S.K.: 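Sending over a structure as structure tokens; questions will come in a sec.
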Amino acid sequence: MDGDLPKEYFELIRKTLNEKKREAVSGRPLKRKKRRNTRSTTEDVQNSSVEVIDLESNSNDVQLATEVIDLDSGGGEAITMLNSEVSEDQHDDSVDSDEFEDVEDTDFENLNDISITINKEEKPVHKNKTARKNVCSNEERRKRKFIHMFYLLCLLINGFLRNEWLNNSKLLSRLGDLIPEKVFEQLHPRKDEDMPLRSTRKLLDGLKKCMEIWNKHWRITKRYESIGCYMRFWDEFDEKWSGYSQSLNKKMFIKNVLKGVGDRDLAAQGFVALLRSCNLNARLVISMQPPDFTNLRTLESLSNSAVNVSYDDMIKYPLFWCEVWDKFGKKWITIDPINLKTIEQIRNASKLEPRGGAPKRRNQLRYVIGYDRKQGTRDITRRYAQWLNSKTRKKRITKDKEGEEWFNRAIYALNRRKRTKIDDYEDAYFDQRNANEGMPDNLQDLKNHPYYILERDLGKNQIIKPNAKESGYLKLNNRVHGVLKVYERKNVINLKSGKQWYMEGRVLKTGARCKKVIRKKNVRLSNIDDDNEEERLYSIDDTEIYRPPLASAFGEITKNTFGNIEVFVPSMIPANCCLIESPVAIKAAKFIGIEFAPAVTGFKFERGKRSKPILSGVVVSKLYREAVETAIAGIENSIEEDERKGFELNALEQWNKFLLKLRIKSQLNQVYGTVVEAEKKSVPVETPEAGGFFVTGSESVVGPNISNLNDCNVEMNDGSATNLSDQYSEGEPMGGFLPVSTERTKNGNFEEKQESDNEFSNNDESSNEFGGTKGTDDEYEDFMNDMEL
DNA sequence: TTGCAGTAGATACCTTTGTTTCTT
DNA sequence: AAAGAAACTTTGGTATCTACTGCA
């Protein structure tokens, strides 16, 4: 179709496109249909071109791919169509350009090189090439999340136990000797009524002294043998954890702390004990480093981009430190006595939050947990993470609701003390910090922010409260979008259609006004006469709880057009009725002949998009409740009885068949002499322990297995018979009857069986029908008569 | 080197009451 | 003749998340 276009056109287009690229004017967004088309390497292109020529050497021109240039729209947008994609179209000239996908202009440098995919076998190869290499599978994703949570839980419990060790009375009394009387007084200053800050000042001085004392006391600081408690990358879980410190028991722990020997973690923990020995309310604070579950890179890509973090960078920021309650300032004071050797009263940012690329790779501050001396456990990440809501939150398991509940449960389980005033003060401080964090200044952080939302990120069924004002603006460098409005999330209202509200047992109030009108999602489903493609949405304030009409005195219930009553929530049951859920409820209600309504409690969605109602029970007047329940019990009972009888009958039938076959066999043996049986190790007839029912692997029939009665020419599935024999001949006897046959031909068939088959079929064809699944009762009877049974 | 807007691709979620033909 | 079983049908739009790219 484009064969008529002269070459100059292409060059013109190419030129225009290149200019447009430079200007970076993005009109309507160009779509790339399939990456593999544009990404295919030149080699591929050439190869395929050659192949095409070979394949289509009869075609008039070398039109390998048709390229349609739409000159009218957008002044030079090029649209390509690939032969392979529309091979059925057979070069239809009348193809409308709208049918083609717009393709990004990246590959128009080589317009003469035409990319094309011909061989179907090649397609998956292309797909694999362009498939994401660095994203792990869904399963792996879940696994990582699980490991993250498990790891975190272990750390939480470990912290709790370690915190208990710190309360050891012997340890505390010995450590208390390290603190001179003067310093002790500084740590417990008198309250200055006029200027509480002065008391705080004294406390801080005392703490500084303590820190100095501790640094003198701690003589030997061991190097971490591996990476200590810092964060591991995912590929490091597959390696052997060599050099991980041997389990440290309580005794050794106390001994080492008193001696002042150990790694940085131990030093920090010991410092907490030191402060507790001075009767201060000191917290053991741990920044936990479970692996990053939001990092979805595969192990290969991880190891390729393995980031080497130097030891010094890694230990720059601590994982263990200390907090002391300042009762004058009603704040927690943070002390890191080892790594940064700092004391701080955190206002908006902490020095302990890792900064810079390298340290952050091994130390992502996400979960900071404080354990106090009364076995209280609290999540105090807020104090240390400057951008908790916009950045840190995304790396935490609490980023979704499920994870948050899990985490809260874990913390709750480890918090062994009642709430105190100190917690109130701290929560107030956290609220203050949340408020101070303010609005993010970039798009990424505004996504899923707990407090703010961009106007453009509002869902289709969401609106901002009518009189709410925007709380700020986000200025983008991009000239196209300019300034975006940001609202507080609490001003967002979720809307639902009338039908959706009905599913929650609510109906629109009279005179309710719709808040928003959207296009219906599935136009295709809606009937032809239902040309209303708009969906009106309402807020919860526009609705009220649905009160279904009461049943009449005779128990008559108002039903819908389908003859049902919908009970999606309990409030949708009429007040004087009840819902009885049972698979046989409808049957029971019918049986006793009362007024009832089948209850639709939900829908099931099957393929083909058709949904079907779930009729899980009936709604009846409360008067009939007992009657229906009794009837249901009766029906269930009788069903059970029937099942039992059926089972019994089936079993008896199988036995009957079996015995019949034995008779046939013995009769045949009498007439024609015994077939070689000596080689068969287990002859079912003579097996003494052969009793009871025998369930085969492939058949669900209960009863004796008949496959081993070769002489009776049991009509069997050859395949299943072979499989059975395979199973049994090699495995242990499974009890009961064993179709063991050791003679096999190369084809895997049983020689013996074949022989006997032939033998038998020659003698009596009609018996072929016997014993198999096809035989009917009449035939059995006939045969039994023949056998004079 | 780092941060970030924009984008593509993958995945998850929402959907919320058939019809025709044959057999018993 | 009526009732019931069986076969046929085999979406698709939107939201959300993540990695990647190119730019500053």
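Chain letters run A, B, ... following the sequence lines, proteins first and then strands; every chain starts at 1. Not measured: the values here are computed from a predicted model.
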S.K.: Should A:Glu488 and A:Lys490 count as an ion pair when the cut-off is N to O under 4.0 Å?
M.R.: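 Yes, A:Glu488 and A:Lys490 are salt-bridged.
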
S.K.: Quick one: do A:Arg382 and A:Glu437 make a salt bridge, cutoff under 4.0 Å?
M.R.: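 Looking at A:Glu437 together with A:Arg382, the answer is yes, because their closest N to O distance falls below 4.0 Å.
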
S.K.: Given B:dT17, B:dA5, B:dT2, identify the nucleotide with an atom nearest to the side chain of A:Leu476.
M.R.: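 Out of B:dT17, B:dA5, B:dT2, the nucleotide with an atom closest to A:Leu476's side chain is B:dA5.
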
S.K.: Would you indicate which nucleotide in B:dT17, B:dG6, B:dT16 comes nearest to any side-chain atom of A:Arg456?
M.R.: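 My answer, after comparing the listed nucleotides, is B:dG6.
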
S.K.: What interatomic distance, in whole Å, is found between C1' of B:dT15 and the corresponding atom of C:dT11?
M.R.: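 C:dT11 and B:dT15 have their C1' atoms separated by 10 Å.
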
S.K.: What is the distance from CG of A:Asp457 to P of B:dG6, rounded to the nearest Å?
M.R.: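 So the CG-P distance, A:Asp457 to B:dG6, works out to 11 Å.
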
S.K.: From CZ of A:Arg141 over to P of C:dT18, roughly how many Å is that when rounded to an integer?
M.R.: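 Computing the A:Arg141:CZ to C:dT18:P distance gives 7 Å.
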
S.K.: Applying a 4.0 Å non-hydrogen cut-off, can you work out what A:Glu504 is touching in the nucleic acid: base, sugar-phosphate, or nothing?
M.R.: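 Counting heavy atoms under 4.0 Å across all strands, no contact is made by A:Glu504.
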
S.K.: Quickly work out the A:Glu139 CD to B:dA12 P distance and round it to whole Å.
M.R.: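 Taking atom P of B:dA12 as the reference, CD of A:Glu139 is at 13 Å.
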
S.K.: What residues form a ring pair (Phe, Tyr, Trp, His ring centres under 6.0 Å) with A:His449, not counting sequence neighbours?
M.R.: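 Testing A:His449 for ring pair (Phe, Tyr, Trp, His ring centres under 6.0 Å), a comparison that skips the adjacent residues, returns A:Tyr452.
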
S.K.: Sequence neighbours excluded, which residues qualify as salt bridge (charged side-chain N to carboxylate O under 4.0 Å, His left out) partners of A:Lys145?
M.R.: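 A:Lys145 satisfies salt bridge (charged side-chain N to carboxylate O under 4.0 Å, His left out) with A:Asp400 only.
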
S.K.: Could you measure between the two P atoms, the one in C:dT9 and the one in B:dC22, and give it in whole Å?
M.R.: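 It comes out at 14 Å once rounded to the nearest Å.
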
S.K.: Would you say whether A:Phe603 stacks on B:dT16? The test is a distance between ring centres of less than 5.5 Å and an angle between planes of less than 30°.
M.R.: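 No, the aromatic ring of A:Phe603 does not stack with the base.
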
S.K.: Mind listing the residues from residues 442-453 of chain A sitting with a heavy atom below 4.0 Å of DNA chain B? Number order is fine.
M.R.: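 Only A:Asn442, A:Leu443, A:Gln444 qualify.
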
S.K.: Taking the same atom, C1', in B:dT1 and in C:dG22, what whole-Å distance lies between them?
M.R.: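 B:dT1 and C:dG22 have their C1' atoms separated by 15 Å.
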
S.K.: Specify the separation, in whole Å, of atom CE of A:Met572 and atom P of B:dT16.
M.R.: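 Value for this atom pair: 15 Å.
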
S.K.: Identify which nucleotide among B:dC4, B:dT16, B:dG6 has an atom closest to any side-chain atom of A:Lys391, counting heavy atoms from C-beta outward.
M.R.: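 Closest nucleotide to the A:Lys391 side chain: B:dC4.
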
S.K.: Only counting residues at least two apart or in another chain, list the ones meeting ring pair (Phe, Tyr, Trp, His ring centres under 6.0 Å) with A:Tyr451.
M.R.: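 Listed in chain order: nothing, the list is empty.
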
S.K.: Could you pick out which residue, A:Asn560 or A:Ala358, lies toward the 5' side of DNA chain B when each is mapped onto its nearest nucleotide?
M.R.: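 Going by which nucleotide is closer to the 5' end, it is A:Ala358.
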
S.K.: Not counting sequence neighbours, which residues clear side-chain contact (heavy atoms from CB on, under 4.5 Å) with A:Trp406? List them please.
M.R.: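 Only A:Met149, A:Leu152, A:Leu153, A:Ile397, A:Arg409 meet the side-chain contact (heavy atoms from CB on, under 4.5 Å) criterion with A:Trp406.
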
S.K.: Under 4.0 angstrom, heavy atoms only, what part of the nucleic acid is A:Lys360 near: base, sugar-phosphate, or nothing?
M.R.: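 Counting heavy atoms under 4.0 Å across all strands, no contact is made by A:Lys360.
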
S.K.: Out of B:dT17, C:dT18, B:dG6, which has the shortest distance to the side chain of A:Asn564?
M.R.: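 Among the listed nucleotides, the one closest to the side chain of A:Asn564 is B:dT17.
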
S.K.: Roughly how many Å is it from CG in A:Asp292 to C1' in C:dA19, rounded to a whole number?
M.R.: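 Between C1' of C:dA19 and CG of A:Asp292: 14 Å.
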
S.K.: Restricting to side-chain contact (heavy atoms from CB on, under 4.5 Å), what partner residues turn up for A:Thr398, sequence neighbours left out?
M.R.: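 For A:Thr398 the side-chain contact (heavy atoms from CB on, under 4.5 Å) partners, ignoring immediate neighbours, are A:Arg396, A:Glu404, A:Phe407.
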
S.K.: Taking ring pair (Phe, Tyr, Trp, His ring centres under 6.0 Å) as the test, write out the residues that go with A:Tyr384, two or more places apart.
M.R.: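 In terms of ring pair (Phe, Tyr, Trp, His ring centres under 6.0 Å), with neighbours along the sequence ignored, A:Tyr384 is linked to A:Trp321.
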
S.K.: Quick one: which of B:dT2, B:dT17, B:dT15 gets closest to the side chain of A:Val600?
M.R.: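 Closest of the options to the side chain of A:Val600: B:dT17.
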
S.K.: Please, what dot-bracket string fits DNA chain C when only Watson-Crick and G-U pairs with both distances under 3.5 Å count, crossing ones use [ ] and pairs to another strand use |?
M.R.: .|||||||...|||||||||||||

S.K.: Between B:dT2, C:dT14, B:dA12, which nucleotide has the shortest distance from any of its atoms to the side chain of A:Lys460?
M.R.: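 Looking only at heavy atoms from C-beta outward on A:Lys460, the closest nucleotide is C:dT14.
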
S.K.: Once side-chain contact (heavy atoms from CB on, under 4.5 Å) is applied, do any residues pair with A:Thr294, and if so which ones, sequence neighbours excluded?
M.R.: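 For A:Thr294 the side-chain contact (heavy atoms from CB on, under 4.5 Å) partners, ignoring immediate neighbours, are A:Asp292, A:Lys395, A:Lys399.
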
